[in-house]
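Read through the structure below, which is laid out as structure tokens, and then see the notes.
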Amino acid sequence: MPIALLPDRAVVAVSGPDALPFLQGILTCNVETLPEGEARLGALLTPQGKIQFDFLVSRAGDGFRLDVAAERVPDLVKRLGLYRLRAKVTIAADPTLGVAVAWAKDGSLAETAAETVRVRDGRLPALGERLYFAEGAFSADATEADYHAHRIGLGVPEGGRDFAFSDAFPHEALMDQLGGVDFKKGCYVGQEVVSRMQHRGTARTRILPIVYRDGPAPEPGTEVTAGARSLGVTGSRAGERGLATIRLDRLGDALAAGEPVRAGGTVAGVMKPDFATFAFPSDTAAAG
């Protein structure tokens with residue numbers, strides 16, 4: 001059962017009597033229905049509906065913790081402060097907490113220190129648990145790279161690694177597939193654009209797993225092509241596997257034409273994640 005430290009992650013604490021309505025009114029996920037012991041995917045969007053920050057949200061006393069990329073903490077605190085207005089909330093980085101992750105290979109999770117807060121990752125059961133602990137008081141038996149290889153193998157994107165902030169819509173980053181968007185809650189920043197994409201089915205671009213078949217995985221940002229078509233760009237990688245942002249319609253045309261998909265000259269296979277429910281080109285071909 002691997003446990004890995006995630007030094008690239010940090011915690012922002014949002015607390016106070018108005019913490020719940022404050023976050024409920026600006027985030028993509030539903031914090032009202034968030035149970036104790038779960039970390040739910042969420043995002044703060046631009047008014048145009050693109051992901052400005054992505055994080056995992058969990059309850060912490062009378063407030064919430066946002067598990068976010070460490071380098072994004074100052075910007076997130078500042079941005080949340082702009083939306084605070086008269087809400088009775090306190091928004092601050094929590095430098096006392098470290099972040100780790102534990103995932104099971106055999107259905108069980110190892111014991112950790114009693115003071116460690118453990119919450120299940122609400123995106124997928126296979127992602128295991130997020131662990132929050134006092135900095136400097138934790139040891140691990142796996143590496144950060146091991147965790148990202150596991151994440152990539154499952155087909156789960158992460159902001160800053162698989163898509164650029166303020167550039168991708170939640171549907172493109174699979175947030176609609178991983179519980180990160182609630183389409184029944186009230187308004188939030190960027191909600192109108194996201195709802196329109198959902199109801200019209202206009203999400204033509206998705207981040208998908210990709211397997212490199214005859215060479216090393218190319219650098220992130222490498223163009224993915226099929227014949228003369230540009231399908232998208234690669235994201236994070238681990239061994240012969242990776243993630244890539246792909247135009248589904250162009251992938252369908254390439255498959256129909258029998259054209260091999262390549263990334264940096266390496267032949268690659270693009271797949272649909274096991275958890276995904278959206279239409280995929282091979283599904284259409286099979287149905288036909």
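Bear in mind the structure is a predicted one, so any value in this text is a computation, not a measurement.
By the 4.5 Å heavy-atom criterion applied to side chains, Val99 and Tyr132 are counted as neighbours. Side-chain contact check for Ile210 versus Met271: every heavy-atom pair is 4.5 Å or farther apart. The shortest side-chain heavy-atom distance between Val14 and Phe22 falls under the 4.5 Å cut-off. Between Leu248 and Arg206 the shortest side-chain heavy-atom distance falls below 4.5 Å.
Residues passing the salt bridge (Lys or Arg N to Asp or Glu O under 4.0 Å) test with Glu192 are Arg196, sequence neighbours excluded.
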Check: residues 43-53 side-chain donor-acceptor pairs under 3.5 Å, at least two apart:
unit_1 : atom_1 : unit_2 : atom_2 : d
Thr46  : OG1    : Gln48  : N      : 3.3
Thr46  : OG1    : Gln48  : OE1    : 3.4
Thr46  : OG1    : Gly49  : N      : 3.4
Thr46  : OG1    : Lys50  : N      : 3.1

Distance-only criterion, 3.5 Å: show the donor-acceptor pairs between side-chain atoms of residues 257-269 and protein atoms not counting sequence neighbours.
unit_1 : atom_1 : unit_2 : atom_2 : d
Glu259 : OE1    : Arg229 : NH1    : 2.3
Glu259 : OE2    : Arg229 : NH1    : 3.2

Scan the side chains in residues 86-98 for donor-acceptor partners under 3.5 Å anywhere in the protein, sequence neighbours excluded, and list what turns up.
unit_1 : atom_1 : unit_2 : atom_2 : d
Asp94  : OD1    : Thr96  : N      : 3.0
Asp94  : OD1    : Thr96  : OG1    : 2.5

Show the atom names and distances, to 0.1 Å, of all donor-acceptor pairs under 3.5 Å that link a side chain in residues 153-166 to residues at least two apart or in another chain.
unit_1 : atom_1 : unit_2 : atom_2 : d
Glu158 : OE2    : Arg161 : NE     : 3.1
Arg161 : NH2    : Asp8   : OD2    : 2.7
Arg161 : NH2    : Glu144 : OE2    : 3.4
Arg161 : NH2    : His148 : NE2    : 3.3
Asp162 : OD1    : Ser236 : N      : 2.8
Asp162 : OD1    : Ser236 : OG     : 2.6
Asp162 : OD2    : Arg151 : NH1    : 2.9
Asp162 : OD2    : Glu158 : N      : 3.0
Asp162 : OD2    : Ser236 : OG     : 3.3

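Ion pairing of Arg120 with Glu129 is absent here, as no side-chain N (NZ or NE/NH1/NH2) approaches a carboxylate O to less than 4.0 Å. Electrostatic pairing of Arg237 and Glu219 counts as a salt bridge here, judged by a charged N lying under 4.0 Å from a carboxylate O. Ion pairing between Asp182 and Lys184 fails under the 4.0 Å rule for side-chain N and carboxylate O.
Checking Glu223 against Ser230 by side-chain atom types alone, a donor-acceptor pair falls below 3.5 Å. A donor-acceptor contact closer than 3.5 angstrom links the side chains of Thr277 and Gln177.
Residue pairs meeting the ring-ring contact (aromatic ring centres under 6.0 Å, His included) criterion with at least one member in residues 172-214, sequence neighbours excluded: His171-Phe183.
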